[in-house]
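First comes the structure, then the notes that go with it.
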Amino acid sequence: MTDRRAFLIVMDSVGIGGAPDAAGFFNDDRPDTGANTVAHIAQTRPLALPHLDALGLGAAIRLASGAVAPGLGAVPQGIWGAATEVSRGKDTPSGHWEIAGVPVPWDWHYFPNTRPAFPAEWSESIARAAGTDGILGNEHASGTEIVARLGAEHLRLGWPICYTSADSVLQIAVHEGVFGLERLYRLCEDVAAMVHPMRVGRVIARPFLGAEGSFARTPNRRDYAIAPPGPTLLDIAQQAGRETHAVGKIGDIFSHRGISQLHKGKSDADLAGHLLALADEARPGSLTFANFVEFDSLYGHRRDVAGYAAALEWFDGVAGALIARLRPGDLAIFTADHGNDPTWGGTDHTRERVPVLGWGYGARAVGKVGFADIGASVAVHLGLPAVGPGRSFL
Ligand SMILES: O=P(O)(O)O[C@H]1O[C@H](CO)[C@@H](O)[C@H]1O
Ligand SMILES: [Mn+2]
Ligand SMILES: [Mn+2]
């Protein structure tokens, strides 16, 4: 067994523009052409990301889209490149699965941006599963906005608030104290069993607490995703007897397949603690796969540019602390699953290329690669059998 270890870290939604098919993806009917999460944030105020930029972030942005990102542009000292997605979805599972070697072979089911958004039989089945006389919402919405708008009615009627977005998702928001968390999870499991066969990618439990005017989502979100349609990097590592660590929502995204240890937290700060501890403790030959979600959930969807910038600068310190703990023979790759440009219209993800930044092989320009090449490279690094259609850039 190899002594080598791998740390694959997804900075959720940290896109760098330039997706060749962006015109086919939309926010409020406007194409994503030109969306560029990191460059547009940096053009609002220069970013100080010394560790990610030293690996090659500024150079990767220029490669992906030609954009200049103020504050970024050091001479790259790491593996650096930009990855393009082929799956026809700009969502989290599509991005992660393709990174792990399994591009999505089907078209997801999306709901029309109409009211109601769900077919009548589906709404009836959800209400039946919930034991209520109906559902609230039934539309495209931003999760915080719809809870502020319908939370009080939810408390009066007890009906779950159901909504969707440009992603293939069916989200269910309820008051954690009144409706109950376990009841919400059971409901989401039932609804997932019903809609996964229709290629709805995820049912998401969205519990909240508080009273009218001050409703706030709790950290008890849970995603019920369709299982990946083929063996992923995690499956192949586990089958080879390797320790596989899932940090954050990786477990949910991969339907808990191929994972030997889960490391969850209430915030990205908790997850950073887990990641740094794993840099000290993960075994030789192990794979650590992490997702940092707050860029996306707290700042991208909320179109909060200042918050996103601060989160990037905070995370850069985490990246520096991780690199300081790595050993000879380790590989760390920082990448992303899609974009979520906070300067863009709408509240949905944006179709973008993503950065590929790595530590462990010195300075190495890998150019424009595919998402699946990331998983293939990690497999080669770890001495695993080939994973998916990608080619190693190492
Ligand atoms: O607006 P909220 O509830 O955060 O939802 C967002 O989170 C979902 C999952 O990432 C996306 O599809 C988008 O709808
Ligand atoms: Mn995501
Ligand atoms: Mn998202």
Side-chain angles (χ1 to χ4, degrees), residues 8-15 25-28 32 35 37 83 85 87 89-100 104 108-111 113 117 136-137 139-151 160-174 184 188 192 195 200-208 215-226 247-250 252-254 268 271 289-304 307-308 311 334-342 344 346-352 354-355 371:
L8 176 54
I9 298 140
V10 175
M11 306 177 289
D12 202 302
S13 88
V14 179
F25 294 82
F26 299 87
N27 261 276
D28 289 345
D32 288 345
T37 301
E85 182 171 14
S87 301
K90 53 173 175 172
D91 57 274
T92 293
S94 295
H96 283 76
W97 295 356
E98 189 170 327
I99 287 168
V104 181
W108 296 104
H109 181 93
Y110 298 103
F111 297 104
N113 193 354
L136 295 173
E139 60 188 290
H140 279 238
S142 143
T144 44
E145 177 279 320
I146 199 169
V147 165
R149 178 158 49 85
L150 298 179
I161 301 169
C162 303
Y163 64 101
T164 186
S165 73
D167 289 342
S168 179
V169 290
L170 198 162
Q171 312 208 59
I172 307 183
V174 304
L184 171 63
C188 288
V195 302
V200 174
R202 276 181 298 169
V203 175
I204 309 183
R206 292 291 199 169
F208 60 92
F215 292 124
R217 301 205 289 201
T218 76
N220 296 321
R221 163 183 176 166
R222 197 174 279 179
D223 294 41
Y224 298 82
I226 295 186
V247 179
K249 55 188 256 182
I250 293 296
D252 285 343
I253 295 167
F254 288 93
D268 279 5
L271 302 184
F289 197 170
N291 169 285
F292 284 81
V293 74
E294 288 178 358
F295 302 111
D296 180 75
S297 60
L298 296 186
Y299 309 115
H301 287 296
R302 310 282 90 84
R303 297 302 189 247
D304 176 350
Y308 207 132
F334 300 91
T335 186
D337 53 344
H338 50 75
N340 202 345
D341 185 340
W344 210 244
T347 61
D348 290 314
H349 298 159
T350 42
R351 181 70 158 187
E352 298 180 37
V354 300
F371 275 35

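Each ligand, and each atom within it, is numbered from 1 in the order the structure gives. Positions are given from 1 along the sequence. Everything numeric in this text was worked out from a predicted model, so none of it was measured.
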Side chains of [Y] and [X]: any donor to acceptor distance under 3.5 Å?
{"X": "H349", "Y": "D341", "result": "no"}
{"X": "T92", "Y": "D337", "result": "yes"}
{"X": "S13", "Y": "Y308", "result": "yes"}

Please classify the [X] to ligand 1 contact at 4.0 Å (heavy-atom distances, strictly less than): side chain, backbone, both or neither.
{"X": "E145", "answer": "neither"}
{"X": "K90", "answer": "neither"}
{"X": "R221", "answer": "side chain"}

Provide, to 0.1 Å, the distance between [atom] and the closest protein heavy atom, together with that atom's residue and name.
{"atom": "atom 14 (O) of ligand 1", "result": "Q171 NE2, 2.9 Å"}
{"atom": "atom 12 (O) of ligand 1", "result": "D167 OD2, 2.7 Å"}
{"atom": "atom 7 (O) of ligand 1", "result": "R206 NH2, 3.0 Å"}
{"atom": "atom 4 (O) of ligand 1", "result": "R217 NH2, 2.9 Å"}
{"atom": "atom 6 (C) of ligand 1", "result": "H301 NE2, 3.6 Å"}

Tell me whether [X] is salt-bridged to [Y], with the criterion being a basic N under 4.0 Å from an acidic carboxylate O.
{"X": "E85", "Y": "R351", "answer": "yes"}
{"X": "K90", "Y": "D348", "answer": "no"}
{"X": "E139", "Y": "R149", "answer": "yes"}

Practice task
Measure the distances from the heavy atoms of I204 to every atom of ligand 1 and state whether one is below 4.0 angstrom.
Solution key: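 For ligand 1, residue contact (heavy atoms, under 4.0 Å) with I204 is present.
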Exercise for the section: Check whether any heavy atom of R202 sits under 4.0 Å from an atom of ligand 1. Expected result: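 Right, R202 reaches ligand 1.
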The Mn ion (ligand 2) to nearest N/O/S of [X] below 2.8 Å:
{"X": "D337", "value": "yes"}
{"X": "N291", "value": "no"}
{"X": "D296", "value": "no"}
{"X": "H349", "value": "no"}

Problem - Closest approach to the Mn ion (ligand 2) by D12, given as the N, O or S atom name - result: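 Of all N, O or S atoms belonging to D12, OD1 is the one nearest the Mn ion (ligand 2).
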Handout entry: Identity of the N, O or S atom of H338 lying closest to the Mn ion (ligand 2)
Key =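 Going by distance to the Mn ion (ligand 2), the closest N, O or S atom in H338 is NE2.
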Problem - Heavy-atom side-chain proximity of R222 to D252 below 4.5 angstrom - result: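 Yes, close enough: below the 4.5 Å cut-off.
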Exercise for the section: Measure the shortest side-chain to side-chain distance between T37 and E352 over non-hydrogen atoms and say whether it is less than 4.5 angstrom. Expected result: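 Yes, their side chains come closer than 4.5 Å.
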Handout entry: Close aromatic pair by centroid cut-off 6.0 Å: Y299 and H301
Key =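 Ring centres of H301 and Y299 not closer than 6.0 Å.
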Exercise for the section: Evaluate the ring planes of F215 and F208, with Trp represented by its six-membered ring, and classify them as parallel (under 30°), tilted (30 to 60°) or perpendicular (over 60°). Expected result: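 The rings of F215 and F208 stand perpendicular, inter-plane angle above 60°.
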Practice task
Would you please classify the geometry between the H96 ring and the F254 ring as parallel, tilted or perpendicular, with 30° and 60° separating the classes?
Solution key: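 F254 vs H96 ring planes: perpendicular.
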Problem - Contact check: S165 vs ligand 1, nitrogen or oxygen atoms, below 3.5 angstrom - result: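 Yes.
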Problem - ligand 1 N/O within reach of S297 N/O, cut-off under 3.5 Å - result: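 N/O-N/O distance below 3.5 Å does not exist for this pair.
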